[in-house]
Amino acid sequence: MPCMSSLAHILSGVVAAAFEAEGLSTAFGVVRVSDRPDLAQFQCNGALAAAKSAGKNPREVAQAIVVRLKENQDFSRIEIAGPGFINLDITDETLSRYLSETAGDGRWGVPTIISGETIVLDYGGPNIAKPMHVGHLRASIIGDSLRRICLFAGYRTLGDVHLGDWGLPMGQILAELETRYPEWPYFDDAYRGPYPAESPVTMDDLEEIYPAASQACKLDEGRMERARLATRDLQNGRAGYRALWEHFINVSVAGMQANFRALGVHFDLWKGEASVHELIAPMIEDLREKGLARESDGALVVEVGEESDKKEFPPLILTKRDGAVMYGTTDLATIVERVRDYNPFRIIYVVDQRQFLHFEQVFRAARLGGIVSNPETLVHAGFGTMNGPDGKPFKTRVGGVMKLEDLITGGIDKALARLNEAELAADMDEKERQEVARKVAVAALKFADLQNNRLSDYIFDLDRMTSFEGKTGPYLLYQAVRIQSLLRKADLPEGGNSALRDPQKAGISLSSADRPLALLLAEFPDHFDAALRNYTPHILCDYAFRLAQEFSSFYGNCHILSEKNNDVRAGRLALCELTLGRLLLVLDLLGIEIPARM
RNA sequence: GACCCCGUAGCUCAAUGGAUAGAGCACCUGCCUUCUAAGCAGGGGGUUGCAGGUUCGAGUCCUGCCGGGGUCGCCA
């Protein structure tokens, strides 16, 4: 029977009952890991707040609670400190029992949400015809991590790449190609035969053509006008444009998939803005009938302002003056589609925080139009901008953006160099060495990004992102690999460690050298819960690092395999297994793969 | 101009309103003939931008100011 929560949560229940018995709210009973480990393992600060609401002396309230808690055998020490903090230590038996009971089912104390609700996650958002650059890193890996976190919590998850494949850039490229190659059959309205199966452009071509087209439109209003018309004609189904556009999609998606494969980022759906094109007309019709869509300066808009707005809120534009739709329109139609197909509990958008206003417009329109009934369905989990060392949005020295592919291969090269220095790599074949280097490099990249608070901007520093020492992904891998190696040498009996398998008999014997690690292991459900509730993978990064660090300290201070006392040896091996299990899980939740050796 | 976010160690970042604000990098001192040194043990480094306020208690909440970034209808 697995424990369904963290130790602190279980202790909260005990202390809350004491508060209730004193006629006080159970909310005061919250117990958390002490922020003063030198004073206690756990603390409850509720007596202070309770005293205030009851008009009593805090220490007297605390004293009454302590008297009741003394009856509980799980506590080894209960003390009042300062103005009324209740400091708590638990017995080693209680700690050991908790760790044993939460081992073995792979959940480490995290309860499963059994509702089976669906969460759609929208992340990545790469654009057709543009190479993926470092800016796509954040959306991809934060989104993929959140998908893994939701999945582990028990939700059904659908990660959607949501390609940028339907807007003005498509028209700009079409117009540019039509200017350069007017003889192509794609531009001949009289052409009736099948269009070529082979793409006339490669990804390299597109990488040159798109910036050229974009620049031309910026400088020349005539070119921009033709790009707008091409966009509209594409959206209206002009056959030659559609055929050429499909080639763009195919060559672009092939490039993206290579990048995502290297990163280990997974998507369940490869839809894009164009996927919902057929839903737009009926959706607009419906919004018209409801009186929500109206003409404004030639455009069709939905007013989304609210009474409480501090400043005027711009309307959502459904169709522009020229009749073409905007990305807000496709985003709204995508909600229509997702609700229809998946009836999601949540739709989480992992998109740059600078698009806050856009999503607020779309979300308000969706609520007004009755597209979603629960306002909490739609969530924008925004992230901060990736800046250069100068504090401005990141650019390479030559002024362009760094391609994601170059970032990854650069990291792999550095990892290979590090591997070659170490003697361990000598007996690896070329393929294994490459794969280990890729895992190390990707771990470095992902951890360097994910450890930052999702919402705050952060400085992109190439050297730091491909650093393997200190608070880095490779450090975590290294600790996990060391534990794996140690456990292989431990020659454990079939079915695992007796200290875990038979907790009633042996238990995990603890000492001052390993107790901090044991306590930290018991914290896992709290950190998972915080990461899930707030959509913040960095919480798990921090926990994983602390766990690895605590283990490394333990490993350095205690020689495990040569331990003479069988109970102590078994207990320490059990802690190794428990640490490895959590480390592997947390790394998996972060989307980080572990090599067998490094 | 209006609105939103940010300001924490030399640098990059943490810290559900709680006790003595923590890590990593960089710098300094030790430790590889015992389980992987991508490591461990230890050290120096802070008026949390400034000024008020609320609170038993503020890096955290409120007000003002200074500094930085972002957004503000026909791009995505």
Side-chain angles (χ1 to χ4, degrees), chain A residues 30 32 34-36 38-39 43 45 48-49 51-52 58 81-85 87 125 127 164 166-169 172 214 217 228 273 296-301 309-317 319-322 324 326-328 330-331 351-358 361 382 384-385 387 389 391-393 415 418-419 421-424 440 444 448 451-453 455-459 461 463-464 467-472 474-475 477-479 481-483 485-490 526 530 533-534 538-539 541-542 545-546 549 552-553 555-563 576 597-598:
Chain A
V30 174
R32 41 174 247 197
S34 175
D35 53 12
R36 288 290 302 274
D38 54 319
L39 299 180
Q43 63 180 344
N45 301 339
L48 293 156
K52 188 176 183 180
F85 299 114
N87 283 337
N127 295 314
W166 207 229
L168 184 63
Q172 289 177 325
S214 174
C217 289
R228 288 203 191 95
E273 295 166 335
S296 173
D297 292 334
L300 187 69
V301 306
D309 292 336
K310 286 191 179 172
K311 64 168 294 195
E312 197 181 343
F313 212 90
L316 180 75
I317 296 180
T319 58
K320 302 190 286 186
R321 257 195 294 273
D322 65 7
M326 306 237 304
Y327 79 133
T330 54
D331 278 355
V351 182
D352 195 316
Q353 183 61 19
R354 286 175 296 186
Q355 296 197 37
F356 169 82
L357 186 62
H358 164 73
Q361 288 175 305
T385 313
N387 292 328
K392 291 176 182 156
R418 180 67 187 81
L419 267 181
E421 283 172 31
E423 290 163 22
L424 275 164
V440 169
Q451 71 168 305
N452 293 294
N453 184 321
L455 272 166
S456 54
D457 296 348
Y458 84 108
I459 309 277
D461 182 315
D463 289 337
R464 193 154 13 88
S467 163
F468 305 147
E469 275 131 48
K471 191 174 181 179
T472 64
Y475 174 86
L477 298 186
Y478 179 69
Q479 302 307 339
V481 164
R482 278 211 298 199
I483 302 174
S485 170
L486 188 150
L487 290 174
R488 271 197 300 271
K489 289 179 180 166
D526 289 329
R533 257 199 344 269
N534 303 310
H538 86 275
I539 300 278
C541 288
D542 197 58
F545 179 68
R546 287 206 294 137
Q549 220 176 17
S552 194
S553 178
Y555 180 90
N557 289 326
C558 308
H559 202 273
I560 297 158
L561 294 181
S562 64
E563 173 59 47
C576 289
R597 292 184 299 165
M598 63 182 282

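Note on naming: letters A, B, ... go to the chains in the order of the sequence lines (proteins, then strands), and numbering restarts at 1 for each one. None of these values were measured; they are calculated from a predicted model.
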Check every strand shown and say whether [X] touches a base, only sugar-phosphate, or nothing at a heavy-atom separation below 4.0 Å.
| X | result |
| --- | --- |
| R597(A) | base |
| C558(A) | base |
| E273(A) | sugar-phosphate |
| R354(A) | sugar-phosphate |
| S485(A) | base |
| A81(A) | base |
| Y555(A) | base |
| L300(A) | nothing |
| R464(A) | sugar-phosphate |

### Task
Compare the minimum distances between each of C75(B), A38(B), C40(B) and the side chain of E469(A), then state the nucleotide with the smallest one.
A38(B)
### Message
Checking one value: the base orientation of C5(B), syn if chi is within 90 degrees of 0, otherwise anti.
### Response
anti
### Query
Counting only side-chain N and O atoms of K311(A), is one of them less than 4.0 Å from OP1 or OP2 of C4(B)?
no
#### Entry: First of D322(A) and Y478(A) reached from the 5' end of RNA chain B, by closest nucleotide
Y478(A)
### Query
For Q549(A) and R488(A), take the nucleotide of RNA chain B holding the closest heavy atom to each; which residue's nucleotide lies nearer the 5' end?
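So the residue in question is Q549(A).
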### Task
Please evaluate the base of A19(B) for a donor-acceptor partner in the side chain of Q43(A) within a cut-off of under 3.5 Å?
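Indeed there is one.
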### Message
Tell me whether R354(A) is salt-bridged to D457(A), with the criterion being a basic N under 4.0 Å from an acidic carboxylate O.
### Response
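Looking at D457(A) together with R354(A), the answer is no, because their closest N to O distance does not fall below 4.0 Å.
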### Query
F85(A) on top of A19(B)'s base, within under 5.5 Å and under 30°?
yes
